[in-house]
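Step one of this worksheet: look at the structure below.
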Amino acid sequence: MTDATALPGQPRGGVLSGPATARAVNVLAPNPSAMTLDGTNTWILSEPDSDLAVVVDPGPLDDGHLRHVIGTAEQAGKRVALTLLTHGHPDHAEGAARFAELTGTKVRALDPALRLGDEGLAAGDVVTVGGLELRVVPAPGHTADSLCFHLPADRAVLTGDTVLGRGTTVVAHPDGRLGDYLDTLRRLRSLTVDDGVHTVLPGHGPVLDDAQGAVEYYLAHRAHRLAQVETAVEDGYRTPPEVVAHVYADVDRSLWPAAELSVRAQLEYLKDHGLI
């Protein structure tokens, strides 16, 4: 068995649902799959002495899960006062409108189509609820509308699908762009170096206790894959399916459709930079 401390980001073992930091509690959605890992992590955030809570990514449209999130908050003496979205993929956002209906909250997101209420989210915004402070970090790359949320008091960052608790994420071409994603990873690395962030609260998978190690692993992994794709093209593999079959031969075939999205993003990046 591999020691978790030897894995990228030092993932925590044990049950995924439950308290993760002094201000963050995870409620795992019942939607496990090859793409969602154990399921979507729905985060309840609150100051310990406050009766107000923020929920990030209500998850899929599953009434049982949404009510479980509300019940978990209420058992802790909290009332959900605001809903935030890291991005619009259905496993994170599909249940947001129903959750807003159940809680009477507004939904804030970067994409206007996902918002319920007048306020959106933008880079540099600071969200405050019941003394809790969340700083909005732009995170395009996985999708154009991706955001992260910096939780300074816990030296943590909620990363949605930008950094996962296990494995690596997909740059979902054409909406996602590799150049943007690399810039986002560098931005997150600056948070770990300059702002002391050490904990990753991901959208899927376990909490990571070495944020800098996780981000540096992601950067190295992307550079490695990009070099592999560039070499594959030089060796005559031209189409995205051909490149996937060659570069991702060691990856489960059920994941090849997702890998093809990343390959398309990589090919676009290489062309834009005159490398192929």
Side-chain angles (χ1 to χ4, degrees), residues 7-11 20 24 26 29 35-43 45 56-57 59 84-93 108-111 114 121-125 127 134-152 154-195 197-223 225-226 258-259 261-262 265-266 269:
L7 296 173
Q10 297 183 15
N26 181 31
M35 291 298 294
T36 61
L37 305 181
D38 310 273
T40 301
N41 293 333
T42 295
W43 292 101
L45 309 175
V56 177
D57 290 351
L84 304 177
L85 298 176
T86 61
H87 65 297
H89 280 168
D91 56 312
H92 293 258
R108 295 181 64 180
L110 179 62
D111 185 350
L114 299 171
L121 290 170
D125 283 353
V127 178
L134 285 173
R135 300 175 184 173
V136 179
V137 180
H142 171 66
T143 61
D145 71 327
S146 287
L147 297 171
C148 294
F149 298 106
H150 177 201
L151 180 55
D154 283 348
R155 297 172 63 193
V157 60
L158 290 88
T159 54
D161 282 354
T162 297
V163 175
L164 305 178
R166 185 170 65 249
T168 55
T169 197
V170 173
V171 177
H173 180 85
D175 184 39
R177 295 178 61 87
L178 182 58
D180 290 342
Y181 186 65
L182 294 173
D183 287 342
T184 291
L185 291 178
R186 296 183 190 108
R187 191 174 299 117
L188 291 177
R189 182 170 58 185
S190 292
L191 279 182
T192 70
V193 174
D194 300 332
D195 295 275
V197 167
H198 61 65
T199 301
V200 173
L201 305 176
H204 303 278
V207 172
L208 300 177
D209 288 321
D210 177 14
Q212 184 174 348
V215 173
E216 289 180 347
Y217 170 79
Y218 264 59
L219 283 165
H221 171 79
R222 285 295 166 189
R225 283 297 194 201
L226 196 59
L261 295 178
S262 281
Q266 289 166 325
Y269 178 88

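Basis for what follows: all heavy atoms, side chains included, without hydrogens, waters or symmetry-related copies. All residue numbers refer to positions in the sequence shown, counting from 1.
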Criterion side-chain contact (heavy atoms from CB on, under 4.5 Å) on Cys148 and Leu188, from CA distance to verdict = CA-CA 9 Å; Cys148 294; Leu188 291 177; 4.1 Å; yes
I'd like to check [X] versus [Y] (side-chain heavy atoms, cut-off strictly below 4.5 Å). Are they in contact?
{"X": "Leu182", "Y": "Tyr269", "value": "yes"}
{"X": "Val163", "Y": "Leu185", "value": "yes"}
{"X": "Arg135", "Y": "Pro152", "value": "yes"}
{"X": "Leu84", "Y": "Leu147", "value": "no"}

Looking only at heavy atoms, what is the nearest atom pair of [X] and [Y], with distance?
{"X": "Ala24", "Y": "Trp43", "value": "CB-CE3, 4.1 Å"}
{"X": "Thr184", "Y": "Pro140", "value": "OG1-O, 2.7 Å"}
{"X": "Tyr217", "Y": "Thr168", "value": "CE2-CG2, 3.9 Å"}
{"X": "Val207", "Y": "Pro202", "value": "CA-CD, 4.0 Å"}
{"X": "Leu85", "Y": "Asp57", "value": "CA-OD1, 3.4 Å"}
{"X": "Leu208", "Y": "Ala214", "value": "CD1-CB, 3.7 Å"}

First locate atom [atom1] of [X], then atom [atom2] of [Y], and finally report the distance between them rounded to the nearest 0.5 Å.
{"X": "Leu121", "Y": "Asp111", "atom1": "CG", "atom2": "CG", "result": "11.0 Å"}
{"X": "Thr169", "Y": "Met35", "atom1": "OG1", "atom2": "CE", "result": "7.0 Å"}
{"X": "His142", "Y": "Ser262", "atom1": "NE2", "atom2": "OG", "result": "9.5 Å"}
{"X": "Glu216", "Y": "Asp210", "atom1": "CD", "atom2": "CG", "result": "8.0 Å"}
{"X": "Leu191", "Y": "Thr159", "atom1": "CG", "atom2": "OG1", "result": "11.5 Å"}

Keeping [X] on the side-chain end and [Y] on the backbone end, is there a donor-acceptor pair under 3.5 Å?
{"X": "Arg187", "Y": "Pro138", "result": "yes"}
{"X": "Asp125", "Y": "Ala122", "result": "yes"}
{"X": "Asp91", "Y": "Gly59", "result": "no"}
{"X": "Asn41", "Y": "Gly205", "result": "yes"}
{"X": "Asp175", "Y": "Ala144", "result": "yes"}

From the options Val56, Thr40, Thr36, Leu114, select the one residue that forms a side-chain contact (heavy atoms from CB on, under 4.5 Å) with His92.
-> Thr40
side-chain contact (heavy atoms from CB on, under 4.5 Å) test vs Phe149 passes for just one of Leu201, Leu158, Val137, namely Leu158
Count the heavy atoms belonging to other residues, nucleotides or ligands that lie under 6.0 Å from CZ of Arg222, then report whether that count exceeds 12.
->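 Enclosed.
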What orientation do Tyr218 and Tyr181 show, parallel under 30°, tilted 30 to 60°, or perpendicular over 60°?
-> tilted
Donor + acceptor pair across side chains of Asp161, His87 (<3.5 Å) = yes
